[in-house]
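Computed over heavy atoms, backbone and side chain alike; hydrogens, waters and symmetry mates excluded. A note on names: the letters A, B, ... follow the listed sequences, proteins ahead of strands, and every chain is numbered from 1.
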Amino acid sequence: MYSFVARLGIRTKLILLFVAIKVIPLLLLALLAWQGVFHLGSQVSERSSLMANSVRDTVGQLSDVMTKESVRALDLKSRELIERLTTDTALSVAEFLKSRDNDVLLAAALDQSKTEYNLFLRHRTRALVAQGKWELSADGKSWVPVNSSKASPKIITSDNPENKLDFNYRPPEQISTREEQPLYHEITFVGLDGQERIKASATGLLPRDLRNVSFKRNTYSKAETYFAELKRLKPGEIYVSDVIGPYVRSHYYGPVTPDAAKQAKISYEPQNEAYSGKENPAGKRFKGIIRWATPVVKAGKIVGYVTLALNHDHIMSFTDILMPTDARYTQIADASNGNYAFMWDYLDRNIAHPRHQSIIGFNSDTGEYETPWLEASLYKGWKESGRPLSTYLSEVPVFDHQSREKKPSKELIQQGIRGLDGRYLNFAPQCQGWYDLTKQGGSGSFAILWSGVWKLTTAATIPYYTGKYGKTPRGFGYITIGANVDEFHKSATETKIKLDSRVKLYGEQMKKTAKETRDMISASIEKTAWSLVVSTTFMVSIVIIIAIWLANMLTRRVTQLSAGLREIEQGNLTYRIEKTSDDEIGRLAESINLMADSVQNSFRQMEEATKRAEKANRMKSIFLASVSHELRTPLNGILGYSELLKMDIQEKKQRFYAETIHSSGKHLLDMVNDLLDFAKIEAGRLELKPVETDIRSLLESIAATHRSHAESKGLVLTESYEGALQKNLVCDPTRLRQVLNNLLNNAIKFTSQGEIRLQAECGVNAVCFTVIDSGIGISEEQQLRIFEKFHQADNFLTSEQAGTGLGLSLARELVILMGGTMGLKSRLGEGSSFFFTLPVP
Amino acid sequence: MKKRVLVVDDVEFNRMLLIDMLERDGWEAEEGVDGKDALKKLEGEHGFNLVMLDVKMPGMSGEEVCRHVRSDPRNVSLPIVAYTAHALGEELDGLYEIGFNAVLIKPINMAALSDSLIQAFSAHSLPVPA
């Protein structure tokens, strides 16, 4: 990596550096920005979605809560209203009944005459709602009123703006058609023996003949037992009977129509079936009475009893017209829609019902109560017991685990018997509820699921406590009103539906808006991303261009410097770098130029010095050559003529002179030659001429040259060759000979007796030449200095061993020049051994 | 056989010494005082069978003289000995190429002279005249 970076040019490095410093942060910034935008986008998108959902949910929940609250409030309000209606009605009934007490007391005060009684009856009337005429509808599925002219009533609005708000006008009630009906069927005066003495009748329901009512068979529906009670009455006390009337059967439960008859496989005779309000307006009505009686007292003695037989229709009218809806009243009772009112006596027996088959009545043949509508198992138990019904029922528990789960007796349905006795109506749990509400004389309500509909059902005690009705807190009995709960909060439900649809719409709108927002955000993000990419790319490009430009600018100058340096380095010392700026690089260029100046200067000086040195060397060579030449020329004469003189002169003394001249000249010549050689070595001008040389013959030749001289001194000169001496050694034979000559000359010179040995030994890498003498030897002190120049120059002219003093020094220099070394071993008086080596190439 | 030698040297005593030495060996010597003189004496049928030629002379040098002499086909096998005071080896090598057959270095002696003559004559496969 490092080496890879090191290999890159400075320009590339600079560009990479710029890119690293500028582009990477730029890209990082762009990335950050992009992430930020993306994050923001997704957050906003998510939040908007979340908000939309939350708002929708909240509104939905709010709607639910509001509706629930409204429903609850409406339900409570409705309950209150219906409970109020129930208690109001119960009070009205009680008031009505109380008035009857007054009537009977008044009647007791009347003269016991038919005229009086008729007069009494004439004004005892009360308006009852006329239900009008009804007929089977054209499709035969329901009953419809005949000639129901429904002139839409005029709606009155308020002219006074201050009354305008919620000015609610209600047209005259539709039940306004009323007919005055006698309150009582009859008024009788019964003697103490039970014989009716006087009777006045207002209707034809009861027989007009005078009967003895102490016999049950003479009473209405053979069911009245009041005479037995009358005898226990004290003056001023009032007797009030139960509701008495023959039971009316019906084989229908619901509208009495030909279809229903067909379904029940019975003949369609609506007039023979019980009246059922709107379900069977043509039916047989329950005709009942309630008899009031009180003793007639004359002179403090009870002389008989006056009785009033109340037309039960007036009791029923209290509940029949009630409609616990915004209709308030109805012309004709209708049990089919679930909104209706009933009346029950103090023993939970039904005494007023839109369906007259539900009213408990008597069997006119036996004078006994007709069988009530029993729950299936109860009926079965009775049938299995074989006992009279009254006995059986008196022994079974009342309100026995009443539950919707229980089923009514089908046998009784088939018989058309559906009289309601709450105590044994065990498949109708509301009976027990009503009982519970009224057993202490109170009122109230509860909700119950009945016929698949949630109903509010109320019960309110009729606070009438005359006679036997005073025995329990329940008084006369109680009124119940049933109402469909849904009706109460219809408006709330409708509002709820509206709200729901609004919420749904709103939700969809929110969804749409959220989607639009998301789309918008997506588009925005995309746009931002594009802008980011474009701007980042643009900026990156600019940075890269700037980087390249800067790098070029910088490196151009560096390259110029580098090229300039190279130029100078390659020898163009006159080259100077152009200074283009005053910054570091400019100063660097200046420095390089200064350096070049000094280098050039140095080179110039060096060249001059070299030239001077060369010149000096040349001069030296010329001088040497000249000296050599100029010395040789006179020496030529001296040596030549002295040699000739030596040959020519016979006279001893003169001959000695000539010889001395000759030897002196010779000595001078040797010295000149040695000096020349030295000078040449020092000037580096001595050149070796290596050739293949036969060492053995060379040695023999050298030895031969010196042998005569040695023998003239009485010395023995031997030569020896040891080792695998190569026949041919590449060396300069002239110089080798010169060295050996020098050594042999010295050896012979400094040896007076004994022998001189010339040896050559060949090793692997070198050849060792040794010259051994048995001469005077060299002291250790002298050994140290023997190779110095002119070491022996002090007395060469006088000494027998005179030499130039340059010989050994020159010999060693030559050996060194040939790549060898030279040394000696010597002991004073025992001879010397000079040796040197030459490398074997 | 005649022994006729031309000794060329600008320095008289050098010339005289060499002639003395050669005459002791039985040579009939003639003198050349400079290069031009030498050339003049070596023109045509000169009759010399040995030339001793000083290398360094004023005017025409020994080398020039040698070249001129050798340019005459009649002198191709004439032994010519260079006679010089220059002892520096490298300067002597070129002399053989010019046409010298031996080099005699000053100062001279009888033995060296004899050797040079042997060398010069043997270069032409000639015996040294007795």
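Within a 6.0 Å sphere centred on CZ of F835(A), heavy atoms belonging to other residues, nucleotides or ligands number more than 12. A 6.0 Å sphere centred on CD of E651(A) holds more than 12 heavy atoms belonging to other residues, nucleotides or ligands. By the neighbour-count criterion of 12 heavy atoms within 6.0 Å, atom NE2 of H68(B) is sparsely surrounded, having that number or fewer from other residues, nucleotides or ligands.
Across all their heavy atoms, L639(A) and P107(B) have their closest contact at CD1-CG, 3.3 Å. The two residues F13(B) and Y641(A) make their nearest non-hydrogen contact at O-OH, 3.2 Å. Closest approach of D20(B) and L644(A) over heavy atoms only: CB-CD1, 3.7 Å.
With rounding to the nearest 0.5 Å, the separation of CE in M110(B) from CE in M647(A) is 4.5 Å. Atom CD1 in I638(A) sits 11.5 Å away from atom CG in L17(B) (nearest 0.5 Å).
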Self-check item: Audit row: N109(B), K666(A), side-chain contact (heavy atoms from CB on, under 4.5 Å) steps and yes/no
Solution: CA-CA 10 Å; N109(B) 55 55; K666(A) 185 74 170 61; 5.7 Å; no

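Contact check for R632(A) versus T84(B): no side-chain heavy atoms found under the 4.5 Å cut-off.
Using a 4.5 Å cut-off between heavy atoms, L669(A) contacts chain B through its side chain alone, with no backbone atom that close.
In this structure, N636(A) contributes its side chain and K106(B) its backbone to no donor-acceptor pair below 3.5 Å.
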